[in-house]
Structure formats: C-alpha cells, structure tokens
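The structure appears right after this line, and notes come after that.
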Amino acid sequence: VTQLLVLAIKSGWNRRVSLGLTLAAIALSVALLLGIERLRTEARRGFAESISGVDLVVGARGSPLQLMLYAVFRLGEATNNMSWASAEALARHPQVAWTVPLSLGDSHRGFPVLGTTGEYFERFRYGDRRALKLSSGRRFEALFDAVLGAEVAEHLGYRLGHHLTLAHGSGTLAALEHGDKPFRVCGILARTGTPVDRTVHVSLQAIEAIHLDWQGGAPIPGLSIAAELVTKFDLTPRAVTAVLVGLKSRAAVFAVQRQVNQHPGEPLVAVLPGLALDELWRVIGVAERSLQLVSAMVVGVGLAGLVAVIMATLNERRRELAILRSVGARPTDVFLLLTIEGAVVTIAGASLGLALVNASALVVGPLAQAHFGLALRWALPGIGELKLLAAVTTIGTLASLLPGYRAYRVSLADGMSPRL
Amino acid sequence: MFPGRWLLALALAAGLPLAGPVQAAGPHVHGIGKLDVIAEGESVVLRLESPLENLVGFERAPRTDGERQAVRRMAAALRAETAFVPTREARCRVASVKLESPVIASELLAEPGTKPAGEPQAAHGGQPTAGHAELVGDYVFQCANPSALRGLEVGLFDSLKGLERLEVQVVGPRGQSGAKLTRKSRRISW
C-alpha cells in the first residue's frame, strides 16, 4: 500500500494542474464549512459566556429577548426604562440577595456607556463564574470617574487619568455631547471576551448628573450646571434600563419571576437569562442550519468535481494503467491506486481548508472583533469541526471508490491488447 | 467574542420573530400549557399552568354529571404516575400533588377517597379573566438518587388530548434552560 501511495502521488504529480485546481476547490469549500461552524460555536460561546450567575434580568415589559440583547449584549433596539422605585422595591424583596441596576443610552465614540453601581464589579460574572478584574487603577469612586473595558482602552489608546466626554445617545450627533462634564479614567478592566470589554462604566449618579441640565433629550437652552455644582443636586437616578438580580435560593426564581411580572406599580418583565438564550438559539438555529446546509452542498460540489476529474482522466491514463498491469500490477492494485489518489486529494484539501480557516482567522479576526465584537481565533479544531472534517474525508474517500472501480473493470483487459 | 450583529441580522433577515412568548406574563393560549421545573438537591418541584380548555374542554364550573366526570378524569390523569416521570434511575417518588383552579371546587380535584383539607372552596369564587380560567398543578418529587437525575418525561399528552404544547422553563443544577414539548418530543433534559 505504501508503494501504491508513492505511486499514486507520483502519478498525480503528472496531472498536478487539474488535481491542484480540484484540491483548491475542496480546500475552499472545506474552509467555508469550517468557517461557518467556527463562527457558529464562537458566537454561541460568546453569548453564553457573557452572563453567568444572574438569576433574573428585570426590565420594562416588552420582549424578553430584546431586553437581554440590549441590557446584556448591548445589541439590538433599546428597551424602555423602568422606574428607580421599582428597582428599589425589587432590591428589598425578601428573596433577592443582590441587585445590580444597569443604565444604558449614552456612548463614547461608539462604545456604549453603562451606568451602574459599585456592586457591579463584585456581582457581575462571566464565563465559568469568573469575576471582573481591574488590570489597572480602581473602581469609580468620584462622581466623574470612569472604568473602561479592555477593548475601549486599547482601541482608543486611553490610560489612567485620561479625560473623556460622553455623547448623548449613540454619539452620531456631535452637538449632543456632555462636553461640560468630562470624565476621568480611573480604572481599566482586564479583558473578558464579553461585551464588558467594549463598555465604559460610570456610576448611576454620574449618568444622572450629566443629564441634570437636560430635558427631553436635549440640553436646556440657557441652563448649564457646572460640574462642580452637580453634587448639590439630588442625584438619585429616576430610571434604569434593567436590573440584574441574584436570588438567595435558585428555587425561588419562578415565584419571583411571577411576582415581578405582576408588579402592581408598573409593567415589568423578569427574564431568566439562560432561557432567553435558549430562545435565541431556537430563532437563530434556522438561519444557522440553512448556512450549514449551503456550505455542505458546496463541499459536495467540490467532491463531485474531484470524482469527475479523476474519471475524466481515466481515458488518458489507459496507457499508464496498462503499463502498470504489464509490470505485474493486479487489477486490485489499480483499483487501490485510483482510490488512494482521490483520498489523498480529499485529505490534503481538508487539511488545507483547515489551515485556510485558521489563517483567515488570524487576518480577519481582529477586524471582526473590532467591528462586530465577534472573536474568531486561531484554534485547534473543536469536536464539531473534527466531525465535519471526518465526514468530508470519509465521503471523499468513498466517492473515490467510483473511479477506482471503473478503472478496475476497464483495466482487466483494456490497454493490454491494443486495438488497431 | 461577543455575539455579532450578523447573527441578529440573519435572524431578522430570516423573518423570524425575536419576541418569544415564553416568558410573557400569563398568556392564555388554548392548546399551550406552561411548566416550570426546579431540580435542586433531592427534590424536583413542578408547576403546571394550563388553560382548563386543554384539560377538560371548558373553562367554568362543571354543570352536568358528565362534566363533573370529565373533571375527575382530568384530575386522575394529572395525578397519574405517568403524568411526569423524572429519570427512572433517580428513583423519584411523588411527595405531593396539589391541583387548583379558581372555577372548580377543590373536592372534584382532590384525590378520590380523601377529603380536601380546609374549608370547601367556593367553586365560583375566582376571577376568570374574560371568561378564561386556568388550572395550576404543583408537584413535588423526592428522589433517592438525585445524582442520576437528568430530565423529565411528560406523559400528559396521552391522557389530555387538548394539550398540544408545553412551554417548559427549567432551573437545574447546571443552570437555566428552556424547551417546548409536544406530543412528539416529550422529554426534557438538563
């Protein structure tokens, strides 16, 4: 078999252009298949790891998924605010161990600004219940202190002590800057691989303070409250976007959820984050499966091309096969020779495809991270990818049996007795 | 690493609704029931909420003997051992079942041969909203071998023809998850 392998490779080398193109087709199709699989698993992991140890996410009544996407992942449409009174009532609930209010809406150069309390840094967990860590500096203490996520600091080149102003809303309207009340970077968080990295954290009071002289989403003309004076005002927040809730007993989650959903003061919704994610997978699953199906079909086309190329060359290779037979090769050897040829091309194509995915992850990865917050990393193939690779090589090898069988049938007699 | 807008865009492009009804507060949809599962330590606690329509075919106090029979049959089905079956290896036993509905007298829902404790409930006392009424079933299981507990099979679909789908929320040892159960897929795992 080793001899046949050497022979197959040497024979294949003579047809390197056609086989090389087929190889490229297979490599590209495999790269597509693996790339989609990797995007899929990375996106899922990213979602699942972004929140951990939170029993409920509470916000104004609306779509649970929208609330989760906006409050936790900073994606999608903004949700309505819930009143601070409700947030406080929730914090006082006997079953509630802790609450972390979140207030979103402002931004800094495209990065979302999150108003929260100091408890955020203690209670927020990501991945496998890992806590947030500061890579430098400290948590916000003064009113206009800001703690940056790792990505924000790196992308904007900010260090401790740097001054920044927040933009009202998404930051596209330059006029709506909270320019009179600059923040100072007091801490930078270690990288987490979650939306936290792209977030500027300030205190809830600071969010309230920068909007003191604002009304109806715009600065009140003629009124400006200097940054030094804001402490004279009541900075209790009036509303928040959502509240993360931790319960004393996980078993109470449905009871608390029911109570929140029937909260008498205002319409609220309590979302179980794990459930909302399951809901999201169900929604996205359809799109994912169609993408997978398409890429699988592309691989199918690639493999069909391989079989077609080998089959097509059989006729040209009658002489080669006849010579092999004349020097003692059995028909089974011919059969094996062609099958090996197909298998080698498939395996080489699959490996090349894997390399291609990793290479493109290296090149495109940082871009995807910056623009979509989606991490594509150079990584060893996961179980899903290995399964796909195994499937591709198996199908490719099985498909190569076809030209092998054809050559076996033909080479029994063909070419040995040249017809004149 | 955090999920991309592309996924969202995809979902939207595929015309898929992002609003899941799963956790909405108290929807009343005939054919659909809600099941909350808490698996913690040795106990499994279930709460089934379903429009009465799914279970007996009407949503008011039974008026005829036939309707009372239907209610008893429903109660028997809900109390049957096959209604909810946690992983068999976990050796779980029903510790208590409590069925309640604002429009049905508790005697009818009680286990046959037992007198329900407490004052007889006013059969017509509840406030069914817009002519709708629900039934709530609270189940507690105690398991001898909780480490083997991996899921739950719902047999209710056989006995209750009006029940088409169960929206399940699970809080298990490995976190929260959700599922939709139908006649064809009746098993949840966690």
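All chains are named by letter (A, B, ...) in the order of the sequence lines, taking the proteins before the strands, and each is independently numbered beginning at 1.
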Neighbour count above 12 (heavy atom, 6.0 Å) for B:Lys98 NZ:
no
Under a 4.5 Å heavy-atom cut-off, does chain A meet the side chain of B:Val171, its backbone, both or neither?
both
With a 4.5 Å heavy-atom cut-off, do A:Phe254 and B:Gln169 have their side chains touching?
yes
Atom CZ in B:Arg47, atom CZ in A:Arg258: separation rounded to 0.5 Å?
3.5 Å
Answer with side chain, backbone, both or neither: which region of A:Val72 has an atom nearer than 4.5 Å to a non-hydrogen atom of chain B?
neither
Shortest non-hydrogen contact from A:Leu272 to B:Gln176?
C-OE1, 3.3 Å
Closest heavy-atom pair and its distance - A:Arg282, B:Gly178
NH1-O, 3.8 Å
Please look at A:Ser290 and chain B and tell me whether the side chain, the backbone, both or neither of the residue comes under 4.5 angstrom of a heavy atom of that chain.
neither
Tell me which of these, B:Val170, B:Val45, B:Ile38, has more heavy-atom pairs under 4.5 Å with chain A than the rest.
B:Ile38
Around atom CD of B:Glu42, are there more than 12 heavy atoms from other residues, nucleotides or ligands closer than 6.0 Å?
no
Is B:Arg93 atom CZ crowded by more than 12 heavy atoms from other residues, nucleotides or ligands, each under 6.0 Å away?
no
